[in-house]
A.B. asks: 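Please read through the structure below; I'll follow up with questions.
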Protein chains: 12
Amino acid sequence: MTYGKGRTYKKVEVIGVSDKGIEAAIQEAIGKAQSSLEKLSWFEVQDIRGHIGNDGKIGEFQVVLKVAFELK
Amino acid sequence: MTYGKGRTYKKVEVIGVSDKGIEAAIQEAIGKAQSSLEKLSWFEVQDIRGHIGNDGKIGEFQVVLKVAFELK
Amino acid sequence: MTYGKGRTYKKVEVIGVSDKGIEAAIQEAIGKAQSSLEKLSWFEVQDIRGHIGNDGKIGEFQVVLKVAFELK
Amino acid sequence: MTYGKGRTYKKVEVIGVSDKGIEAAIQEAIGKAQSSLEKLSWFEVQDIRGHIGNDGKIGEFQVVLKVAFELK
Amino acid sequence: MTYGKGRTYKKVEVIGVSDKGIEAAIQEAIGKAQSSLEKLSWFEVQDIRGHIGNDGKIGEFQVVLKVAFELK
Amino acid sequence: MTYGKGRTYKKVEVIGVSDKGIEAAIQEAIGKAQSSLEKLSWFEVQDIRGHIGNDGKIGEFQVVLKVAFELK
Amino acid sequence: MTYGKGRTYKKVEVIGVSDKGIEAAIQEAIGKAQSSLEKLSWFEVQDIRGHIGNDGKIGEFQVVLKVAFELK
Amino acid sequence: MTYGKGRTYKKVEVIGVSDKGIEAAIQEAIGKAQSSLEKLSWFEVQDIRGHIGNDGKIGEFQVVLKVAFELK
Amino acid sequence: MTYGKGRTYKKVEVIGVSDKGIEAAIQEAIGKAQSSLEKLSWFEVQDIRGHIGNDGKIGEFQVVLKVAFELK
Amino acid sequence: MTYGKGRTYKKVEVIGVSDKGIEAAIQEAIGKAQSSLEKLSWFEVQDIRGHIGNDGKIGEFQVVLKVAFELK
Amino acid sequence: MTYGKGRTYKKVEVIGVSDKGIEAAIQEAIGKAQSSLEKLSWFEVQDIRGHIGNDGKIGEFQVVLKVAFELK
Amino acid sequence: MTYGKGRTYKKVEVIGVSDKGIEAAIQEAIGKAQSSLEKLSWFEVQDIRGHIGNDGKIGEFQVVLKVAFELK
């Protein structure tokens, strides 16, 4: 990448879900998005939420994030 | 859907327009999005706006919303 | 376009980059988005940022914007 | 209206109240504003609130909105 | 109520769900909250969301709101 | 005022300035607005700012607020 | 209180009303909340609003705040 | 202007439109507002948006801004 | 849970504290809230903050979150 | 100061604490900042919070504000 | 710069003023900040405001921005 | 620290980067800030973002936070 050269990026909003933790939920979403979109450059976390199981434990983390990639 | 299993959702921003009311504008957008995207799971209203006719009546409702669906 | 008729728009988030200025960065993103999406109707600026070169000059403008088009 | 021609709009913040529903409260405000301001072009809902009666029913809807018109 | 007299209100956040529409979802939450809290005075809508059924129709409206009542 | 009856309010944004304190700045704006607008019903503080004198003391308080009145 | 030890706080949203000023309205809400909740630790102001009397004077201050206390 | 002296300002929300650029759209709104309101002191940009022509070029810039003037 | 059936949820704001990490602070708050409230369904993170010890290490994480449960 | 001349200001975020009231907390922060920074021009309040004593009285006000000064 | 390597950046809030336009006001602030801080990497625009002259023309642009640089 | 005594804190915005996780990125920034600023008291996370490597894995976490310390 060369700074100053005209170029365009696109941002897409995804939600990754994992019972392993916040980082794992982010990676889940990035891995899935990478396979259907083009090569991803960066992510921005928008919201962190989750499900609570009947036992009062965190059942899963749901992380809303935006992923960005260059439009060629 | 089973909680705790790794999965990924995508959110898309659409605007539904209808002269019938707010709920009809939401349904308009969901119906159109459903036909070009995959099966939708939920929606989130972002903004409610509208056009005003020459007679000072609400001409149409424009509802900005996000719709979400699972990325398989 | 006729007001009051049911219709649906979609908004997509893009980032335009240019070393010419803010308007040029917006045009960069619109031009690129127009070629891969359908005919665009309007844009909304979300954020204005940029890179600073080693000489302390603005190296490039990065304008985050949403572009909207009708879903036919 | 011709796009590209220099022109100016003004936005005014009003609150419409009705016991009929959200759409009726919006129309209430637009009708009253139309009679004291110039011809209105569009509205943007800012907030939806309301009064609750002694019987635990919604007593009225109070919708805060902005209405816009061209400054000639 | 007399203006100017010292008094205190409490706000509680609830979510009303209904398949009838936005106003019905608000009334659902107010009715349930009224039965477990003290007499409610007003409500403020925070968010409007909903579930989408398999048929691409709005399955239900979920309205997040705050209800307020006087602490005696 | 009777709840449930259709009616409309207007909100106007003003800034009151005073070297006496925050409450005095609010009263300054309300007093001036009352004389040029119709009878005011309530106010909402938006921002509190101020000038700092050469001696490092608060020179004046500038309180941005909205005042509301009924459109008859 | 010892930093680092696992513990949990709860925040409750209240509105204090007083014709004496902003600080008095905050104290009004804290005093009333303290008598029905557990020992309070801190407060956070959310909004400052008020009623305007027929004479164009501030009739009362309404301060929306959150109060927090430890859940034992 | 003397700091510390009680005074009141009013803010009005306007939208300037121009096909020349962002600064021109701001000037368009200020010029029109100046002719119908009193002498303006400052402006604050709220939003930058625009129309996109059939040729994929920016058709016009629409800049939402607030202008402020002293209430004498 | 059956979608479409009228029901009501309540959200409560809590702060979980732990020196183990962000996930542990969330679990701390959920575990404590679960024991004094009804069965919890989900959580939403509002803020992540923390204390810094004299040695320049993170002393504890303080996570502000909302927990939600159905009002039966 | 002459309007139109190129110049640069810097904003710094500080928190003033006082048991006297909100204005006193602002002055506390400005006085301390003035002694370590250059001559301050204005302030902007960001947040108002405080500690509550064991007796249920406001123990102190904590006002988060930004102070600005010219970079010469 | 190598991605993945531990490093720390600092952001500083500045306001650039110029009668030439928005880009010139940004460059004004960056140039002045560069001379008193370390080498700057990027900027983020926070707010665009300005002064209006007696002739109803934009007297100057005031752009609030954050500049970031690496803490070595 | 004694509550009620006049004192002043300063907040500084930093960005910590680490490939280990979110907590590690926070600690990275605190450790570096501690060495150039005075003794830090607390931190507040503002944003969580990151770089994505060519392999579709999270390359690094970038956590924007504010750190606060007492101005003596």
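Proteins get letters first, then strands, A, B, ... in listed order; numbering begins at 1 in each.
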A.B. asks: Could you measure the distance from the CD1 atom of H:I26 to the CD1 atom of K:I48? Nearest 0.5 Å is fine.
C.D. replies: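 Result: 6.5 Å between the selected atoms.
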A.B. asks: Before you tell me yes or no, could you show the steps for K:Q62 and H:W42 under side-chain contact (heavy atoms from CB on, under 4.5 Å), namely the whole-Å CA-CA distance, both residues' side-chain angles and the distance that decides it to 0.1 Å?
C.D. replies: CA-CA 10 Å; K:Q62 302 152 349; H:W42 79 88; 5.8 Å; no
A.B. asks: With a 4.5 angstrom heavy-atom cut-off, could you sort out which part of H:L65 is near chain K: side chain, backbone, both or neither?
C.D. replies: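 No part of H:L65 comes within 4.5 Å of chain K.
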A.B. asks: What residue in H:Q27, H:K66, H:K39, H:Q34 has the most heavy-atom pairs under 4.5 Å with chain K?
C.D. replies: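 Heavy-atom pair counts peak at H:Q27.
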A.B. asks: Of all heavy-atom pairs between K:F61 and H:E23, which one has the smallest distance, and what is that distance?
C.D. replies: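 In this case the closest contact between K:F61 and H:E23 is CZ-CG, 3.2 Å.
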A.B. asks: For a side-chain contact (heavy atoms from CB on, under 4.5 Å) check, start with the C-alpha distance between K:I52 and H:F69, then their side-chain angles and the critical distance, and finish with the verdict.
C.D. replies: CA-CA 10 Å; K:I52 301 173; H:F69 56 95; over 6 Å; no
A.B. asks: Quick one: CD1 on H:I30 to CG on K:D55, what's the gap to the nearest 0.5 Å?
C.D. replies: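 The CD1 atom of H:I30 sits 10.5 Å away from the CG atom of K:D55.
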A.B. asks: For side-chain contact (heavy atoms from CB on, under 4.5 Å), just list the numbers for K:D47 and H:E44, CA-CA rounded to whole Å, side-chain angles, deciding distance to a tenth of an Å, and then say yes or no.
C.D. replies: CA-CA 8 Å; K:D47 262 311; H:E44 307 165 6; over 6 Å; no
